[in-house]
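Some notes on the structure that comes next.
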Amino acid sequence: MTVIEALKNRRAIRNYTTQPVEKEKIEQILQAATYAPNDRMREPWHFYVLQNDAMKRYEKMASTYLQERFPTKPHLVESSLKVVQTTPVAIVVTADMVENDEDATADNIFAVCSAIMSMWLAAEELGLGFVWRTRGVGLVHDARMHTFIGADQNQKVVGTIFIGYPEEQELKDKKRTSFEEKTTWL
Ligand SMILES: Cc1cc2nc3c(=O)[nH]c(=O)nc-3n(C[C@H](O)[C@H](O)[C@H](O)COP(=O)(O)O)c2cc1C
């Protein structure tokens with residue numbers, strides 16, 4: 001598989017089989033992340049891997065959050081929790097924030113985004129489904145996730161990654177705007 005092919009094939013995969021994900025594959029994905037470009041080699045990422053009991057604790061925390069956030073939408077709460085229950089592995093990725101340096105902090109977040117994309121492509125090559133979540137059960141924008149993983153004060157949660165072997169499913173093509181419409185040649 002060429003890089004261009006992996007880029008074209010890559011999709012957000014949200015439904016998984018019950019097949020466990022081998023530790024070696026999780027490690028390959030984490031290793032891929034560490035090759036990402038990053039300013040001044042700060043390597044500003046950290047990965048919190050959740051499986052088994054940790055996923056159960058995550059589900060409990062997500063349940064409290066979702067019920068508070070969507071008190072009038074029990075179906076949404078239920079379907080969101082099902083997602084957590086049926087995901088074998090989640091990886092919460094943080095970026096280091098640099099005290100009194102907003103620009104360096106932003107660059108660290110950009111580097112972590114690059115690392116997550118590398119993880120996504122590695123998962124594609126390894127035959128694993130992958131989605132980067134921020135909203136809802138992703139809990140990236142809620143302090144509870146930060147507390148749950150035991151992150152330091154200087155770490156910012158950037159993504160909650162869900163990984164598993166993909167369930168057979170037909171994915172609708174997503175129309176992509178051509179680069180011509182998104183490009184200005186100066
Ligand atoms: C920063 C970021 C946040 C995302 N958050 C979510 C999310 O909270 N829930 C979700 O289901 N998908 C999430 N996604 C996945 C996108 O919805 C998905 O990539 C997009 O619909 C394009 O589909 P594709 O990845 O299959 O090409 C996120 C993707 C990115 C890059």
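As the structure lists them, so they are numbered: ligands from 1, and atoms in each ligand from 1.
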Report task. Report yes or no: does Arg133 contribute a side-chain atom to a donor-acceptor pair with the main-chain N or O of Val140 at less than 3.5 Å? Result -> no

Query - Donor-acceptor contact present, side-chain Asp152 to main-chain Gln155, <3.5 Å - result: no

Query - Hphob cluster co-occupancy, Leu66 + Leu50, side-chain heavy atoms under 4.5 angstrom - result: yes

Report task. Give the atoms of ligand 1, by number and element, whose distance to some non-hydrogen atom of Thr134 is under 4.0 Å. Result -> 3 (C), 4 (C), 5 (N), 6 (C), 7 (C), 8 (O)

Requested in this report: Any atoms of ligand 1 less than 4.0 Å from a non-hydrogen atom of Ala12? List them with their elements.
Outcome: 18 (C), 24 (P), 25 (O), 26 (O)

**Report entry** Stepwise side-chain contact (heavy atoms from CB on, under 4.5 Å) test for Trp45 and Asp96
**Finding:** CA-CA 6 Å; Trp45 35 70; Asp96 296 339; over 6 Å; no

Report task. Between Lys172, His141, Arg11, Arg14, flag the one that comes closest to atom 11 (O) of ligand 1 by a heavy atom. Result -> Arg14

Query - Heavy-atom proximity to atom 19 (O) of ligand 1, best of Trp120, Phe162, Phe130 - result: Trp120

Do me a favour and list the nearest non-hydrogen protein atom to [atom] with residue, atom name and distance?
atom: atom 25 (O) of ligand 1; value: Arg10 NH1, 2.9 Å
atom: atom 9 (N) of ligand 1; value: Arg135 NH2, 3.4 Å
atom: atom 20 (C) of ligand 1; value: Lys174 NZ, 3.7 Å
atom: atom 6 (C) of ligand 1; value: Trp132 O, 3.2 Å

Report task. Report the C-alpha distance between Phe148 and Tyr58 in whole Å, list the side-chain angles of each, state the deciding distance to 0.1 Å, and finish with yes or no for side-chain contact (heavy atoms from CB on, under 4.5 Å). Result -> CA-CA 8 Å; Phe148 175 71; Tyr58 174 16; 3.9 Å; yes

Query raised in the report: Charged N to carboxylate O under 4.0 angstrom, Glu27 versus Lys23?
Result: yes

Query raised in the report: Going by an N to O cut-off under 4.0 Å, is there a salt bridge joining Glu125 and Arg10?
Result: no

Query raised in the report: Hey, is ligand 1 close enough to Val131 that some N/O pair sits below 3.5 Å?
Result: no

**Report entry** Residue portion contacting ligand 1 (non-hydrogen atoms closer than 4.0 Å) for Arg176
**Finding:** side chain

